[in-house]
Novice: 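Here's a structure for you.
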There are 2 protein chains.
Amino acid sequence: MDFFQEQAVTSSDKAFFRLRKEIVEGVIPSSTKLSETELSTKYQVSRAVVREAINRLEACNIVERKANVGARVVSLSPEGLIELYQVRESLEGMAARLAAQHMTAQEITELNALLNSQSDEVKNAELYYQEAGDLDFHYRIILGSKNSHLISMLVNGLYHLVRMYRVQLGMAGPRVTSAFDEHKHIVQAISNRDPELAEMLMRRHITYSKNNIEAKLQNSL
Amino acid sequence: MDFFQEQAVTSSDKAFFRLRKEIVEGVIPSSTKLSETELSTKYQVSRAVVREAINRLEACNIVERKANVGARVVSLSPEGLIELYQVRESLEGMAARLAAQHMTAQEITELNALLNSQSDEVKNAELYYQEAGDLDFHYRIILGSKNSHLISMLVNGLYHLVRMYRVQLGMAGPRVTSAFDEHKHIVQAISNRDPELAEMLMRRHITYSKNNIEAKLQNSL
DNA sequence: ATAAACAAGATTGTCGACAATCTTGCGGTG
DNA sequence: CACCGCAAGATTGTCGACAATCTTGTTTAT
């Protein structure tokens, strides 16, 4: 299930994962100032490891830092979410294109199997699908691109930010069955080794999600 | 000329910029092991600032690091360069699309002016163009997208890697006049506020570059 | 009363030392 | 002779203390 369960080897790793989790899940609210000394006492580690963790969070665009002033959690805005989805559309579209070229026959078979198992869940209205299943689908295609830069940008960077928005703005929306059909068509294009179509369908799929979210944001104003 | 001349405020900044420069320009060859103690004596700073600099280089994908083992400069490969250009095609294509929507009238005017001034240079065969002028053009469009994630990924990340490849594999190739015409058409699409076409032309432009580079790599084998 | 200048406090940046881990070469054992 | 284990050396990871910078509240001069 969890593809890349990144495992912590050093203290900084642990601090980084913990901090990221707390920020993404809103335990530490957005726009909060991150005090190095405060966190080091809270986590029972030295300031150096907290510092390194914060630096890594900055590289993920989860916190912003000013020299001699400090770091604070990024503030979420509707515009920021739109920007995020524009980048997603671009990168995941390319991922789908490359996946159609580079995925192995076995990987494609497994992807189809995943979709079939999810098909039952969708019929039975187990909306377990939305969170984990959607992620699983997108991850497989990203990894299937076999492009390490693409993978790194999406998996280590964007996806945590997207999740942060999802959690904190309460976007666990529906769009389940329609999204599922879109997934099916994307896999079909990949199975047919049709890069052009795969990219186009993936871009549309993400654009639809973006529009759906924009509509929700409108309503909540 | 230099758009974002990032200015160093802390010692770590200086160490980071210096290290990046030396790596990109090949003074420190690719695949070199980076010893923290060695660099700290060489740069006359503490190990902590070297450490932080190396961490930042890791975030840029310029060095790879293993826990408890150390960091080494990434190794360049033809496949790596291709992957880089695939990501560039994706991101800069989106940048051109967004630039067509979001650039101000003044920015577009300035972009046209830049092209006109370069037009003379191309005619006079001052191939000053290739390096700085090409960069200038692409940077303006990236910044014109007004998408901070896109800008950050390209300016802080990919472009230094691309330059590293260019310098070390000796890719100061021609393709001057034809690339210039492609630039002209892209700007025209942006002037017409045609996002679709701007993206398509930018993607083609980068694909051509990629093909050109691939051909050179073939020859040098 | 407003604004500039200063001082006290707190926070980040940098440093050198110690602890934990990995690498390397030697010696023992099958 | 090959392989495993172990010890010495070197390298990275972590720590607490000091230095440099920013923030804040008060004072002072216009």
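Heavy atoms only: backbone and side chains are in, while hydrogens, waters and symmetry mates are out. In what follows, every chain begins at residue 1, and chains take the letters A, B, ... in the order their sequences are listed.
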Novice: Would you mind reading off the distance between B:Asp13 atom CG and D:dA20 atom C1', rounded to a whole angstrom?
Specialist: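 To the nearest whole Å, that distance equals 15 Å.
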
Novice: Would you mind checking if A:Lys42 and A:Glu38 are paired as a salt bridge, meaning a charged N to carboxylate O distance below 4.0 Å?
Specialist: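 Not counted as a salt bridge, because no side-chain N and carboxylate O are separated by less than 4.0 Å.
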
Novice: Nearest whole angstrom, please: distance from the C1' of D:dA10 to the CD of B:Glu36.
Specialist: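 These atoms are roughly 13 Å apart.
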
Novice: My understanding is that only one of B:Thr207, B:Ile141, B:Ile190, B:Leu91 makes a side-chain contact (heavy atoms from CB on, under 4.5 Å) with B:Met202; could you say which?
Specialist: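 The passing option is B:Ile141.
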
Novice: Distance check: side-chain N/O of A:Lys33 vs OP1/OP2 of C:dA10, anything under 4.0 Å?
Specialist: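 No, outside the criterion.
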
Novice: OP1 or OP2 of D:dA10 sitting under 4.0 Å from any side-chain N/O of B:Thr37?
Specialist: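 Answer no for this pair, as no side-chain N or O of B:Thr37 is under 4.0 Å from OP1 or OP2.
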
Novice: Heavy-atom distance under 4.5 Å between the side chains of B:Arg88 and B:Tyr159, does that happen here?
Specialist: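 B:Arg88 vs B:Tyr159: side chains touch.
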
Novice: Under a 4.0 Å N-O cut-off, is there an ion pair linking B:Glu92 with B:Arg203?
Specialist: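 The answer is no: the pair does not qualify as a salt bridge.
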
Novice: Is the shortest side-chain N to carboxylate O distance from B:Glu83 to A:Lys146 below 4.0 Å?
Specialist: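 Not counted as a salt bridge, because no side-chain N and carboxylate O are separated by less than 4.0 Å.
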
Novice: Look at B:Asp13 together with B:Arg56 and state whether they make a salt bridge at an N to O cut-off of under 4.0 Å.
Specialist: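 Yes, charged N to carboxylate O under 4.0 Å.
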
Novice: Figure out the OH/P separation between B:Tyr43 and C:dG13, and round it to whole Å.
Specialist: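 Nearest whole value for this atom pair: 21 Å.
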
Novice: Does A:Arg51 place a side-chain N or O at less than 4.0 Å from the phosphate oxygens OP1/OP2 of C:dT12?
Specialist: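 For A:Arg51, the contact criterion (side-chain N or O under 4.0 Å from OP1 or OP2 of C:dT12) is not met.
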
Novice: Determine all donor-acceptor pairs shorter than 3.5 Å in which one atom belongs to a side chain in residues 93-103 of chain B; sequence neighbours excluded.
Specialist:
residue: B:Arg97; atom: NE; partner: B:Glu199; partner atom: OE1; Å: 2.4
residue: B:Arg97; atom: NH2; partner: B:Glu199; partner atom: OE1; Å: 2.8

Novice: Rounded to the Å, how far apart are A:Leu39 CG and C:dT11 P?
Specialist: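 Roughly 12 Å, once rounded to whole Å.
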
Novice: Establish, with yes or no, whether the OP1 or OP2 oxygen of C:dT14 is under 4.0 angstrom from a side-chain nitrogen or oxygen of B:Thr10.
Specialist: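 B:Thr10 to C:dT14 OP1/OP2: side-chain N or O found under 4.0 Å.
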
Novice: Where do B:Ile151 and B:Ser145 come nearest, in terms of heavy atoms and distance?
Specialist: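 Between these two residues, the closest heavy atoms are CG1-OG, 4.1 Å.
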
Novice: Dump the pairs, protein N or O against N or O of nucleotides 15-17 of chain D, anything under 3.5 Å, distances to one decimal.
Specialist:
residue: D:dC15; atom: OP2; partner: A:Ser46; partner atom: N; Å: 2.7
residue: D:dC15; atom: OP2; partner: A:Ser46; partner atom: OG; Å: 3.2

Novice: Near DNA chain C, counting only heavy atoms under 4.0 Å, which residues of residues 56-70 of chain A show up?
Specialist: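 Here the set is A:Arg65, A:Ala67, A:Asn68, A:Val69, A:Gly70.
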
Novice: Less than 4.0 angstrom from a charged side-chain N to a carboxylate O is my criterion; do B:Glu25 and B:Lys21 meet it?
Specialist: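 Judged by the 4.0 Å cut-off on N to carboxylate O distance, B:Glu25 and B:Lys21 do form a salt bridge.
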
Novice: Classify the nucleic acid contact of A:Ile54 as base, sugar-phosphate or nothing, counting any heavy atom under 4.0 Å across all strands shown.
Specialist: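 Nothing, no nucleic acid heavy atom in range.
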
